[in-house]
Asker: 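Pasting a structure below so you can have a look.
Counting convention: from 1, in listed order, for ligands and their atoms alike. Just so you know, these numbers come straight off a predicted model, no measurement behind them.
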Amino acid sequence: MSITQGGYAIVVHGGAGSPCDYKDGCEQAAGRAVEELGISGDALEAAIAAVTVLEDDGRFNAGRGAALGLDGATVEMDASVMDTRGRLGAVACVQGIENPVLLARAVADTPHWFLAGDGANRFAHAIRHPTWDKISEHQREQHRQIVKKLAGSAQAMPGVDNQAFLRFWNYEKAADFPVGAACDTVGAVVRAPDGHFGVAASTGGSAPSLLGRVGDTPIIGSGFYAGPAGAVAATGIGEYIVRHLLAHRVYSWIEDGMPLEQALQRGIALFDKNVEVGLIAVSRLEAGALSNSGMPFAKLIQP
Ligand code: ASP
């Protein structure tokens with residue numbers, strides 16, 4: 001089904017490699033984006049509304065479900081927003097806050113586009129952004145699984161020796177497990193009835209990771225991109241995604257006239273099969289989602 005002038009399209013994902021039975025969460029998020037389009041008609045606000053639903057869900061690696069660091073205590077989150085009205089904002093390595101995607105949106109109203117670490121946290125405090133520091137049983141269980149993987153003989157992160165995480169250990173607390181990946185960021189892309197595009201993304205990062213690690217999610221052109229021809233969001237192992245500037249690359253193909261499905265296939269084909277990666281995109285006429293490793297998603301088109 002293709003989009004006509006005055007129609008809208010929304011695509012929401014729950015992360016490459018995340019269980020496909022989490023689809024209900026993506027559908028709920030897409031429904032929230034439709035409501036927001038009805039209220040404001042704004043593509044970015046709709047994408048953000050969808051992402052906040054997934055951040056609050058607790059099952060996805062973002063917001064309340066964000067992955068615990070290898071120390072089993074730290075949670076560092078990244079998020080980003082961009083649209084075709086010129087709004088651009090991102091945060092990285094923020095801790096103890098609710099809905100990082102809303103903090104990324106707030107950064108878009110400052111003189112900067114990207115705040116990281118302590119400065120980003122202090123900015124959150126300065127604007128009285130709500131805090132969140134609870135750790136759920138779901139997060140603890142995910143952490144146990146990652147530590148178990150690291151203790152096994154298979155690589156927990158493709159192409160990386162499991163020992164590397166102990167060799168470069170930089171958490172305050174000493175590592176207390178023997179050594180031998182998990183993804184599932186969330187994201188949304190929207191084409192609003194007025195023809196504008198918006199993208200929003202949020203993650204607890206790829207696991208396992210060292211303290212201060214930043215992937216693709218808050219990096220413009222890698223994890224997200226929006227321009228006059230459409231909007232793209234990527235998910236998967238950030239260390240690989242950034243090397244291909246994936247979101248912008250796929251966007252350029254769409255801008256050059258390549259059918260959207262073909263652009264997604266070509267983007268995924270850049271990666272080895274053992275590197276989890278997923279993409280969602282909207283263009284003037286089309287919308288789609290594709291992953292090499294299973295990815296819950298929801299797509300709504302109002303032609
Ligand atoms: N891309 C995210 C990162 O590397 C993880 C993910 O998509 O699940 O931080």
Asker: Considering both backbone and side-chain atoms of Gly215, is one of its nitrogen or oxygen atoms within less than 3.5 Å of a nitrogen or oxygen in ligand 1?
Answerer: no
Asker: Going by heavy atoms, is Asn61 under 4.0 Å from ligand 1?
Answerer: no
Asker: Both conditions, 6.0 Å and 45 degrees, for the charged tip of Arg191 above the ring of Tyr8: are they met here?
Answerer: no
Asker: Looking at Asp24 and Arg59, is there a salt bridge between them, counting it only when a charged N and a carboxylate O are closer than 4.0 Å?
Answerer: yes
Asker: With a 4.0 Å cut-off on heavy atoms, is Gly205 touching ligand 1?
Answerer: yes
Asker: With a heavy-atom distance limit of 4.0 Å, tell me whether Thr235 approaches ligand 1 through its side chain, its backbone, both, or neither.
Answerer: both
Asker: For residues Ser136 and Gln139, is any side-chain donor paired with an opposing acceptor at under 3.5 Å?
Answerer: yes
Asker: May I ask you to say whether Arg87 pairs ionically with Asp42, meaning some side-chain N is under 4.0 Å from a carboxylate O?
Answerer: yes
Asker: Do any N/O atoms on Gly236 end up under 3.5 angstrom from N/O atoms on ligand 1?
Answerer: yes
Asker: Glu276: heavy atom below 4.0 Å from ligand 1, yes or no?
Answerer: no
Asker: Closer than 4.0 Å to some heavy atom of Asp216 - which atoms of ligand 1 meet that?
Answerer: 1 (N), 2 (C), 3 (C), 4 (O)
Asker: With atoms numbered from 1 as shown, which atoms in ligand 1 lie under 4.0 angstrom from a non-hydrogen atom of Ser206?
Answerer: 3 (C), 4 (O), 9 (O)
Asker: Have a look at ligand 1 and work out which part of Met295, if any, has a heavy atom under 4.0 Å from it: side chain, backbone, both or neither.
Answerer: neither
Asker: State plainly whether the residues Arg85 and Asp194 are in salt-bridge range, i.e. N to O under 4.0 Å.
Answerer: yes
Asker: Any chance you could measure Gln262, atom CD, to Leu260, atom CG, to the nearest 0.5 Å?
Answerer: 10.5 Å
Asker: Under a heavy-atom criterion of less than 4.0 Å, does Ala16 contact ligand 1?
Answerer: no
Asker: Evaluate the criterion side chain to side chain donor-acceptor pair (under 3.5 Å) for residue pair Gln145 and Glu141; output intermediate values, then yes/no.
Answerer: CA-CA 6 Å; Gln145 298 296 335; Glu141 178 51 26; 2.5 Å; yes
Asker: Which ligand 1 atoms are under 4.0 Å away from a heavy-atom of Thr185?
Answerer: 1 (N), 2 (C), 5 (C), 6 (C), 7 (O), 8 (O)
Asker: Taking 4.0 angstrom as the limit, do Glu137 and Arg144 come out as a salt bridge?
Answerer: yes
